[in-house]
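Note that the coordinates shown come from a computational prediction; the quantities given were computed from them, not determined experimentally.
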Amino acid sequence: MNVLKQTALTYLEKATAKRGRILDVRAWNPATIFEIDLHLPETNMYKWKQVQHMKVKVANGVYRDYSPAMWDCETSTCTLIIDAGHEGAGSAWVK
């Protein structure tokens with residue numbers, strides 16, 4: 001990635017990104033579907049009245065859109081279901 005693009009991404013991440021922590025990853029059978037429990041302490045899920053989507057950084061300068069399947073406002077956690085049955089940065093990240 002060129003320096004200008006990396007600098008722009010770094011600036012954008014600092015301005016808009018929120019940190020989260022993966023609590024658990026469960027592989028379904030067959031292991032091409034993964035269920036991830038994600039803690040997002042900076043996110044106010046009480047405002048979520050419909051399914052949201054979020055950009056997740058899966059590699060340097062690479063983002064994927066994921067939609068939480070469930071969320072718990074009180075604990076600021078949500079569950080992502082990710083299909084990793086193909087090649088790509090998101091599949092490599094979740095595996």
Side-chain angles (χ1 to χ4, degrees):
M1 180 180 322
N2 69 39
V3 174
L4 184 58
K5 184 177 178 183
Q6 181 61 44
T7 302
L9 279 173
T10 300
Y11 178 75
L12 185 62
E13 284 177 5
K14 286 181 181 179
T16 62
K18 294 181 181 176
R19 292 202 176 265
R21 186 170 58 113
I22 295 174
L23 301 174
D24 195 16
V25 178
R26 292 174 296 284
W28 291 10
N29 189 9
T32 57
I33 303 290
F34 292 84
E35 187 175 347
I36 298 175
D37 292 335
L38 182 63
H39 182 236
L40 301 168
E42 300 173 27
T43 302
N44 181 359
M45 294 180 185
Y46 286 100
K47 296 180 181 180
W48 292 11
K49 302 300 180 200
Q50 59 191 13
V51 175
Q52 303 293 304
H53 76 277
M54 60 185 75
K55 292 203 176 293
V56 176
K57 185 176 183 177
V58 296
N60 190 24
V62 181
Y63 299 84
R64 294 293 180 261
D65 287 325
Y66 295 120
S67 297
M70 299 175 284
W71 58 88
D72 181 339
C73 300
E74 291 182 19
T75 61
S76 297
T77 59
C78 64
T79 301
L80 304 177
I81 308 292
I82 300 176
D83 177 7
H86 56 280
E87 296 298 318
S91 294
W93 173 78
V94 74
K95 288 178 183 176

- Task: Give the cluster check for Ile33 versus Val56: same hydrophobic cluster or not, with ILVMFWY residues linked at side-chain heavy-atom distances below 4.5 Å.
- Result: no
- Message: So which atom in His39 and which in Ser76 form the shortest heavy-atom distance, rounded to 0.1 Å?
- Response: CD2-O, 3.3 Å
- Task: Report yes if some heavy atom in the side chain of Glu35 is under 4.5 Å from a heavy atom in the side chain of Asp24; otherwise report no.
- Result: no
- Joint cluster assignment, Trp28 & Met70, ILVMFWY side-chain distance < 4.5 Å: no
- CD/Gln52 to CG/Asp65 distance, rounded to the nearest 0.5 angstrom? 12.5 Å
- Message: In the structure I gave you, are the side-chain heavy atoms of Pro68 and Leu80 within less than 4.5 Å of one another anywhere?
- Response: yes
- Item | Nearest heavy atoms of Cys73 and Met45, plus distance in Å | SG-O, 3.3 Å
- Message: Would you say that more than 12 heavy atoms from the other residues, nucleotides or ligands in this model lie under 6.0 Å from the CD of Glu42, or not?
- Response: yes
- Query: Are any of the side-chain heavy atoms of Ile22 and Ile36 separated by less than 4.5 Å?
  - Reply: yes
- Item | Atom of Leu40, atom of Gly20 and distance for their closest heavy-atom approach | CD2-CA, 3.7 Å
- Item | Shared hydrophobic cluster for Leu38 and Val25 (ILVMFWY, side-chain gaps under 4.5 Å) | yes
- What heavy-atom pair brings Ala89 and Val62 nearest, and what distance separates the two atoms? CB-CG1, 3.6 Å
- Task: Answer with yes or no whether the hydrophobic clustering places Met54 together with Leu23; edges join I, L, V, M, F, W, Y residues whose side-chain heavy atoms lie under 4.5 Å apart.
- Result: no
- Task: Give a yes or no on whether Trp71 and Tyr46 share a hydrophobic cluster (residues Ile, Leu, Val, Met, Phe, Trp, Tyr; joining criterion: side-chain heavy atoms under 4.5 Å apart).
- Result: no
- In terms of ring plane angle, is the pair Tyr66 and Trp93 parallel, tilted or perpendicular, where the classes change at 30° and 60°? parallel
- All heavy atoms of His86 vs all of Asp83, minimum pair found to be CE1-O, 3.1 Å
